[in-house]
Amino acid sequence: VGYAFRHALLQEAAHADLLPGERVGLHAIIAETLVTRPELAGRGGAVSQLAWHYAASHDHPRALVASLDAAEAAAKVVAHADTLHHLERTLELWNSVPDAAERTGMPLSRVLAWAASAAWRDGNPARSIPYARRALELVDEATEPEQAALAWMLLGRALHSAGLDGAFDAYDRAEAIIPAQPSAARARILAAHANALMLVPRLRDALGPAEEAVRVAREVGSGADELHAL
């Protein structure tokens with residue numbers, strides 16, 4: 001069960017033939033229908049389509065939440081480009097929703113950090129850099145040292161991939177402020193730093209943080225970070 005047009009041009013023609021008010025109202029109706037009957041979305045799933053229809057219906061609060069849900073769904077299937085697309089829509093909508101952080105359960109700094117990570121994973125480090133820098137502007141190192149350290153790591157990783165200066169300064173800052181107690185975040189930062197050093201190559205310098213990353217990851221049971229460090 002679903003809905004589709006035989007050709008994209010037919011869809012464009014039908015959409016263009018609607019008056020602006022009709023178009024907004026139709027998107028709202030489709031969104032509400034997908035909430036109660038998500039199977040109508042077909043194999044692609046309703047989450048992504050909900051985000052689009054809510055945005056097109058100018059329902060910014062619901063579009064915001066749906067866009068973040070769509071980003072999470074895309075991330076689960078390792079669709080980096082789609083993850084970034086939905087996160088960027090989330091960021092576009094953020095300032096139009098006064099209680100955005102409460103609705104999403106996530107501060108803006110974390111959405112920005114996630115966008116920085118998604119852009120880097122999608123092979124676009126230059127796009128990752130401004131998201132990481134903006135996240136650093138919003139996070140408080142004194143009260144959120146782990147989140148700040150992860151943002152510095154994201155910046156270092158993007159700068160290094162883009163071949164720009166400042167990558168190792170960013171990694172050093174991340175290691176300096178991450179709490180000393182074992183955590184997955186600490187293992188991730190150490191492993192990322194070691195990886196960058198290895199690629200320069202500065203193999204002797206890379207060995208210490210790599211070994212510590214393995215130890216910390218094992219201690220906290222973070223298999224993915226242990227694998228990366230190994």
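Hydrogens, waters and symmetry mates are skipped; everything else that's a heavy atom, side chains included, is used.
- Contact check on E219 versus R186 returns no salt bridge, with no Lys/Arg side-chain nitrogen under 4.0 Å from an Asp/Glu carboxylate oxygen.
- Looking at L164 and I129, their side chains come closer than 4.5 Å, going by heavy atoms from C-beta outward.
- If you chain together hydrophobic residues whose side chains sit under 4.5 Å apart, L112 and L84 fall into the same group.
- Here the closest heavy-atom approach between residue P209 and residue L190 is recorded as O-CB, 3.6 Å.
- Nearest heavy-atom pair, P125 versus W120, reported as atom, atom and distance to 0.1 Å: CB-CD1, 4.2 Å.
- In this structure, NE2 on H80 lies 13.0 Å from CG on N124, to the nearest 0.5 angstrom.
- For the side chain to side chain donor-acceptor pair (under 3.5 Å) test, residues two or more places apart in sequence or in another chain that qualify with E226 are R218.
- Residues passing the side chain to side chain donor-acceptor pair (under 3.5 Å) test with E137 are R134, sequence neighbours excluded.
- Here the CH2 atom belonging to W94 is positioned 15.0 Å from the NE2 atom belonging to H60, to the nearest 0.5 angstrom.
- Across all non-hydrogen atoms, the minimal contact from A187 to A213 is O-CB, 3.6 Å.
- H85 NE2 to T90 OG1: the interatomic distance, rounded to the nearest 0.5 Å, is 9.5 Å.
- Residue pairs that meet the ring-ring contact (aromatic ring centres under 6.0 Å, His included) test with at least one member in residues 199-230, sequence neighbours left out, do not exist here.
- The salt bridge (charged side-chain N to carboxylate O under 4.0 Å, His left out) contacts involving residues 147-174 comprise E141-R173, where partners must be two or more places apart or lie in separate chains.
- Residues V97 and V111 share a hydrophobic cluster, clusters being chains of Ile/Leu/Val/Met/Phe/Trp/Tyr side chains in contact below 4.5 Å.
- Between the side chain of S96 and the backbone N or O of L93 there is at least one donor-acceptor pair closer than 3.5 Å.
- Between L150 and Q147, some side-chain heavy-atom pair lies under the 4.5 Å cut-off.
- A pairwise comparison of heavy atoms in A113 and L154 identifies O-CD1, 3.3 Å as the closest pair.
- Atom CD of E88 sits about 4.0 Å away from atom CZ of R127, to the nearest 0.5 Å.
- In this structure, R215 pairs ionically with E212, as a charged nitrogen and a carboxylate oxygen lie closer than 4.0 Å.
- At a threshold of 4.5 Å between non-hydrogen side-chain atoms, the residues L68 and L87 count as touching.
- Annotation: side chain to side chain donor-acceptor pair (under 3.5 Å) contacts involving residues 102-114, sequence neighbours excluded, comprise D99-R103.
- Applying the ring-ring contact (aromatic ring centres under 6.0 Å, His included) test to pairs two or more places apart or on separate chains, those with a residue in residues 158-177 are H160-F168, Y171-H193.
- Formation of a donor-acceptor pair under 3.5 Å by the D140 side chain with backbone atoms of A142 is found in this model.
- Note on L91 and L138: same hydrophobic cluster, where clusters join Ile, Leu, Val, Met, Phe, Trp and Tyr whose side-chain heavy atoms are under 4.5 Å apart, directly or indirectly.
- Note on L136 and I189: separate hydrophobic clusters, where clusters join Ile, Leu, Val, Met, Phe, Trp and Tyr whose side-chain heavy atoms are under 4.5 Å apart, directly or indirectly.
- A pairwise comparison of heavy atoms in S67 and H86 identifies O-CB, 3.4 Å as the closest pair.
- Heavy atoms only, all atoms of each residue included: A206 and M198 are closest at CB-N, 3.8 Å.
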